[in-house]
Amino acid sequence: MDLGAVTKHSASHAKPNGLILQYGTAGFRTKAEHLDHVMFRMGLLAVLRSKQTKSTIGVMVTASHNPEEDNGVKLVDPLGEMLAPSWEEHATCLANAEEQDLQRVLIDISKKEAVNLQQDAFIVIGRDTRPSSEKLSQSVIDGVTALGGQFHDYGLLTTPQLHYMVYCRNTSGRYGKATTEGYYQKLSKAFLELTKQASCSGDESRSLKVDCANGIGALKLREMEHYFSQGLSVQLFNDGTKGKLNHLCGADFVKSHQKPPQGMEMKSNERCCSFDGDADRIVYYYHDADGHFHLVDGDKIATLISSFLKELLLEIGESLNIGVVQTAYANGSSTRYLEEVMKVPVYCTKTGVKHLHHKAQEFDIGVYFEANGHGTALFSTAVEMKIKQLAEELEDKKRKAAKMLENIMDLFNQAAGDAISDMLVIEAILALKGLTVQQWDALYTDLPNRQLKVKVADRRVISTTDAERQAVTPPGLQEAINDLVKKYKLSRAFVRPSGTEDVVRVYAEADSQESADSLAHEVSLAVFQLAGGIGERPQPCF
Ligand code: 16G
Ligand code: MG
């Protein structure tokens, strides 16, 4: 390790004095102008991780659904997964080291993790469409080369595409070809094979309006469109030619405001969906004949997918275990429907994809979705082989079902939640089952809910347990929430410190929108009083 070279190059990516950043739920995220040194140093860290795992490591430059002025970076582990927790700590240490301590921190990490410094390192890099991303990804490359690593810069990619590339490269091409072309071909082939089986239900139902949040999803969907156009025609909105990234559009906007994005022409009963800024989230929605807006979120996506998978398994006669993984944000109606009607076991984890992904790996088939639309289905390696074998061996109807299962498995991006891949799975299932978006939405009725934010002096005073559903500290807060919840019917509420913003998040649901709004407001007041609220007291805003 040529530490002299690191020090020399680091001088041109100097850390602003006193700036402290944390590797959070999805990597580092802040104003783009504060990130140059972090990018350089994540290039260094990726090289160490690559040497240690003897695998290709990914570095993605994006701030997802956050404002265009922000940016961020996260590392992708060998099987396309999020960076291992012990390395998140190293990332935080390295990002915050003062210039004179940089060498020591690198040596410490190498020793702690028994990194063989003679080993080769290979890094793949992707970035979103933010104006700051190109320069910042160049800083990552400077870091990689300063430590003698080799790299391939994919340039513009969706986050899930970078996960896919990493996964492909570390499984010697077994999963797919590590090119965008390979990604488009793999997904489109599985999609077209699946939809071929759908009884023709007219052109109308095979078209979809997509709000691309003015982000990378637009570019990539446009590139991919002609590969699957026989089975689905997509009409893109907010494609980045005019509007600003994530501004009044995108999956996060639609989910949190529960209204359509700007710039989308919606006719009644038309199926529409929104991606987020790096295309790893998707939510669906429509206007009914009375002009009412209906959101079909991650919970309903998980329900549609797990029901269909269960049906196929029944048809094949295989008793593989399917589990659905959610977070505390999952609508109570969805959990009830899955458990009581679908008879699928449901598990709850902390917020953040890495937690859901980890839990989903415990099942033969693990379907995980956050209510915000981030998720996928994972098939264990043994199950993958079994399904491929059944698709060859079984006869007639059973074989057809096994083949469909195989196609669905190929269509899911098993390295990460992926808006494009999820969209194609959903579209295929709707076509195969002949379901309209209204029929899908009618599987169950969401309980009215409300999310609010509260500003406090230090959000770390709130700690939680039971997958964030119970507050442990500050004293008295959980008791206060319990008392408030008792005042409403079918109600539930919880609070948690955000992992991406300096706020405390409040969630409430109840039997009516008024009750959910009022409960959320009362819980916000309890947080404000008991957890050191700052600024103006929360006002009832509905
Ligand atoms: C990040 C997470 C997302 C989570 C969100 C919660 C990943 C890739 N993304 O965007 O899963 O829902 O943070 O944000 O893990 P919050 O902690 O601010 O509520
Ligand atoms: Mg995202």
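Every value quoted in this text rests on a predicted model; they were computed, and no experiment measured them. Start at 1 and go down the list; that is how both ligands and their atoms are numbered.
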Under-4.0 Å salt bridge between [X] and [Y]:
| X | Y | value |
| --- | --- | --- |
| Arg49 | Asp77 | yes |
| Arg505 | Glu468 | no |
| Lys244 | Glu68 | no |

Would you mind listing which atoms of ligand 1 come within a distance below 4.0 Å of any non-hydrogen atom of [X]?
| X | answer |
| --- | --- |
| Met82 | 8 (C) |
| Asn372 | 12 (O) |
| Lys74 | 8 (C) |
| His65 | 10 (O) |
| Arg496 | 16 (P), 17 (O), 19 (O) |
| Ser498 | 16 (P), 17 (O), 18 (O) |
| Glu370 | 3 (C), 4 (C), 11 (O), 12 (O) |
| Ala26 | 7 (C), 8 (C), 9 (N) |

Next on the checklist: Once rounded to the nearest 0.5 Å, what's the spacing between atom CD1 of Ile216 and atom CD of Gln161?
Outcome noted: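 Here the interatomic distance stands at 7.0 Å.
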Should [X] be counted as touching ligand 1, given the test is an N or O pair under 3.5 Å?
| X | value |
| --- | --- |
| Gly499 | yes |
| Thr500 | yes |
| Val353 | yes |

Using a 4.0 Å heavy-atom threshold (strictly under), name the region of [X] that reaches ligand 1: side chain, backbone, both or neither.
| X | result |
| --- | --- |
| Thr351 | side chain |
| Arg281 | side chain |
| Arg505 | side chain |
| Thr327 | neither |

Name the orientation class of the two ring planes belonging to [X] and [Y] (parallel below 30°, tilted from 30 to 60°, perpendicular beyond 60°).
| X | Y | result |
| --- | --- | --- |
| Tyr167 | Tyr175 | tilted |
| Phe412 | Phe379 | tilted |
| Tyr347 | Phe363 | tilted |
| Trp440 | Tyr284 | perpendicular |
| Phe293 | Tyr285 | tilted |

Item to check | Results of side chain to side chain contact (heavy atoms under 4.5 Å, CB included) for Gln258 - residues two or more places apart only | outcome: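 So Gln258 forms a side chain to side chain contact (heavy atoms under 4.5 Å, CB included) with Asn449.
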Checklist entry - Closest heavy-atom contact between Ser132 and Asp70? => result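 So the two residues come closest at OG-O, 4.4 Å.
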Item to check | Steps toward side-chain contact (heavy atoms from CB on, under 4.5 Å) verdict (Tyr368, His355) | outcome: CA-CA 10 Å; Tyr368 73 83; His355 301 294; over 6 Å; no
Checklist entry - With a 4.0 Å cut-off on heavy atoms, does His374 reach ligand 1? => result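 His374 counts as a contact of ligand 1 under the 4.0 Å cut-off.
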Next on the checklist: Check contact between Gly352 and ligand 1, using heavy atoms of the residue and a distance below 4.0 angstrom.
Outcome noted: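 Yes.
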Checklist entry - What count do you get for protein N/O/S atoms less than 2.8 Å from the Mg ion (ligand 2)? => result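 Number of qualifying protein atoms: 4.
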Next on the checklist: Going by side-chain hydrogen bond (donor to acceptor under 3.5 Å, both in side chains), name the residues that satisfy it together with Tyr183, two or more places apart in sequence or in a different chain.
Outcome noted: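 Only Asp418 meet the side-chain hydrogen bond (donor to acceptor under 3.5 Å, both in side chains) criterion with Tyr183.
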Next on the checklist: Tell me every residue that passes side-chain hydrogen bond (donor to acceptor under 3.5 Å, both in side chains) with Ser137, counting only those two or more places apart in sequence or in another chain.
Outcome noted: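 Per chain and number, Ser137 pairs via side-chain hydrogen bond (donor to acceptor under 3.5 Å, both in side chains) with no residue.
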Item to check | Side-chain touch Val73/Val59, heavy atoms, less than 4.5 angstrom | outcome: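 Result yes, sub-4.5 Å side-chain heavy-atom pair found.
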Next on the checklist: Given Thr25, Thr62, Thr159, Leu356, identify the one with the heavy atom nearest to atom 2 (C) of ligand 1.
Outcome noted: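 Nearest heavy atom to atom 2 (C) of ligand 1 lies in Thr25.
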